[in-house]
A.B. asks: 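Handing you a structure now.
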Number of protein chains: 2
Amino acid sequence: MSLNNMSSKNNLELNPRISVDCVIFGFDLNQLKVLVIERSISDSDKQILTLPGDLIYEAENLEIAADRVLFELTGLETIFLEQVGAFGDTDRLNKEADKKWLRAVREEPEARVITIAYFSLVNIHEYAPQASSFAKSAAWIPLNEIDELAFDHFDILQTALKKLKNKIRIQPVGFNLLPEKFTLSQLQKLYEAILGRELDKRNFRRKMLKLQLVEMLEERQEKVPHKPSQYFKFNETNYNILIENGFDNFGF
Amino acid sequence: MSLNNMSSKNNLELNPRISVDCVIFGFDLNQLKVLVIERSISDSDKQILTLPGDLIYEAENLEIAADRVLFELTGLETIFLEQVGAFGDTDRLNKEADKKWLRAVREEPEARVITIAYFSLVNIHEYAPQASSFAKSAAWIPLNEIDELAFDHFDILQTALKKLKNKIRIQPVGFNLLPEKFTLSQLQKLYEAILGRELDKRNFRRKMLKLQLVEMLEERQEKVPHKPSQYFKFNETNYNILIENGFDNFGF
DNA sequence: CCAAAAGTGTTGAAGTTACACCCATGC
DNA sequence: GCATGGGTGTAACTTCAACACTTTTGG
């Protein structure tokens, strides 16, 4: 492919004004985590975490770009992504440490860049992120341990989290976050982690079973030092129906 | 101001890759309408409608740009805008009629442009849109009469409408759409227009009154050929509380 | 036998749906 | 007096929140 070929030029040329950033939530059956990467520049700098993200290519759709960037930076693949929104304040790249980093890696470090953020939910055990490209390392960090990120990424993370909280109220989102078989307690912990508050065990189980979102398996936990829990799996048919229609529990 | 002055240069220079588009919903006490403009080029072309929108300036925040563009194209001012999202498919400007128009008005007509859409709700009687700039005319068109728009604007409209439907379930949005005093039947019609289905009169009134979102005024309708209706106004205090917290009527 | 989490029902309160008739006014 | 939309109550049903004890297993 030649750089002078028009179409491949477009495919190979970065758009210096538009980036994508990904907020990837994972759940380790205990707490919510977020996939972040460490910027790799000189070791002397304080390492600051960022969301996986980068400039898009000229001829690349946004969702495709988000998929690609996520893969390049972390090795994660084929993940459902939902748009969080566009972040375009003129001062979003103005922190001194961020500018320094941009000068080191970008061809147009002073350019105004608008970023489109996406979020996704993944089963933390099926996806082992690994460092690549200019990411020094990619890692799952517990959500509540993050209090600072580069650029406006902390803001993006908060917005994505708000979207997730709203979404869980009306759609069965959480299922992408869990392994194929899981216990109802694990499912409950997930909901509690997302909503940020405790739920009543009996009420939660009743509701989940009534929605027919889960099906009991034959299998039970083994070698646990307490009464072993039933495993469940998702009922895909009902899951898809509910994804489509939402829980629709509103008062009109 | 000189074009060679760096900061004013940035303020005067268009960003050829980013635009904003506005979905402005209005309500005439009967049906939902959308503010659209007619593209003004040669009269021989079939007139196709677009959402108010244009390129942003380099040093302009997105929300500010949306405010500005809306004002320039329609004369509407100081409107609350909420982001719908970014629309960036590479083929979004590829329709032949759209390309022709872009060649006529844009400095870089072939550029790939990503647009950030915003939506708002306005009181149709307080805002009289007027043509200006390169908008031949601005007009309120009933939502259900729109089946085609330029670019990907129809898609943007549908997405904005979906957001509005979701929002009305958990927040008292509709109030921006109504005049200061209104009857409960008018409020109900508004909800029906947004939700796209009929609601029970008694249940609706009960619910609204219980939420304490509205307050009865002394005034009643006059000169109507039926029992005159009470006027109500919004209770701003409770309105703001509900905007903040949402109705929170979900089952967990 | 002890620690740990699993699992299970009921009750009272609140909210939701469905439904039909009289009222006040203009013409 | 008639056409029009305004305004009102109740009963059956569903959903929700709160709450405590027994079971099964590993060690």
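Naming: A, B, ... by sequence-line order, numbering from 1 per chain.
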A.B. asks: Roughly how many Å is it from CZ in A/Phe182 to P in C/dA6, rounded to a whole number?
C.D. replies: 14 Å
A.B. asks: Atom CD of A/Gln221 to atom P of C/dA4: distance rounded to whole Å?
C.D. replies: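 Taking atom P of C/dA4 as the reference, CD of A/Gln221 is at 16 Å.
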A.B. asks: With heavy atoms under 4.0 Å as the rule, sort A/Thr183 into base, sugar-phosphate or nothing.
C.D. replies: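 Here A/Thr183 touches no strand at all.
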A.B. asks: Tell me whether B/Glu192 is salt-bridged to B/Arg197, with the criterion being a basic N under 4.0 Å from an acidic carboxylate O.
C.D. replies: no
A.B. asks: Quickly work out the B/Tyr231 OH to D/dG6 P distance and round it to whole Å.
C.D. replies: 11 Å
A.B. asks: B/Lys210 NZ to D/dT8 P: how many Å, rounded?
C.D. replies: 17 Å
A.B. asks: Is any side-chain nitrogen or oxygen of A/Ser229 closer than 4.0 Å to OP1 or OP2 of C/dA5?
C.D. replies: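 Indeed not, no polar side-chain atom of A/Ser229 lies that close.
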A.B. asks: Grab the CG-P distance between A/Leu199 and C/dA6 for me, whole Å please.
C.D. replies: 14 Å
A.B. asks: Assert yes or no for the condition that the ring centre distance of A/Phe151 to A/Phe87 is strictly below 6.0 Å.
C.D. replies: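 Not under 6.0 Å, so no.
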A.B. asks: Kindly point out which of C/dG26, C/dT17, D/dA17 is positioned nearest to the side chain of B/Pro225?
C.D. replies: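 Selected nucleotide: C/dG26.
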A.B. asks: CG of B/Asp200 versus P of C/dA18: gap in Å, rounded?
C.D. replies: 8 Å
A.B. asks: For the CD atom on B/Glu198, are there more than 12 heavy atoms of other groups (residues, nucleotides or ligands in this structure) within a distance under 6.0 Å?
C.D. replies: no
A.B. asks: Identify whether any heavy atom of A/Lys201 sits under 4.0 Å from a base atom; if not, whether one sits that close to sugar-phosphate; answer base, sugar-phosphate or nothing.
C.D. replies: base
A.B. asks: Are B/Phe182 and B/Phe232 an aromatic pair, judged by ring center distance below 6.0 Å?
C.D. replies: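 No.
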A.B. asks: C/dA6 base to A/Arg205 side chain: any donor-acceptor pair below 3.5 Å?
C.D. replies: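 Answer is no: no donor-acceptor pair is held.
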A.B. asks: What contact category does B/Gln230 fall into here, base, sugar-phosphate, or nothing, at under 4.0 angstrom with non-hydrogen atoms?
C.D. replies: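 Here B/Gln230 touches the backbone only, sparing every base.
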A.B. asks: Which of the following nucleotides, D/dT8, D/dG5, C/dA6, is nearest to the side chain of A/Ser185?
C.D. replies: C/dA6
A.B. asks: By nearest nucleotide on DNA chain D, pick out whichever of B/Arg206 and B/Leu184 is the more 5' one.
C.D. replies: B/Leu184
A.B. asks: Just checking A/Tyr239 against A/Phe175, ring centres under 6.0 Å apart?
C.D. replies: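 Between A/Tyr239 and A/Phe175, the centre distance is under 6.0 Å.
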A.B. asks: Could you check which of C/dA6, D/dT8, C/dA24 has an atom nearest any side-chain atom of B/His226?
C.D. replies: C/dA24
A.B. asks: Taking for each residue the nucleotide of DNA chain C with the nearest heavy atom, is it A/Lys227 or B/Arg202 whose nucleotide lies nearer the 5' end?
C.D. replies: A/Lys227
A.B. asks: A/Gln186 has an atom CD; how far is it from atom P of C/dA5, in whole Å?
C.D. replies: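 About 13 Å, once rounded to whole Å.
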A.B. asks: Rounded to whole Å, please give me the gap between CG in B/Leu211 and P in C/dA14.
C.D. replies: 16 Å
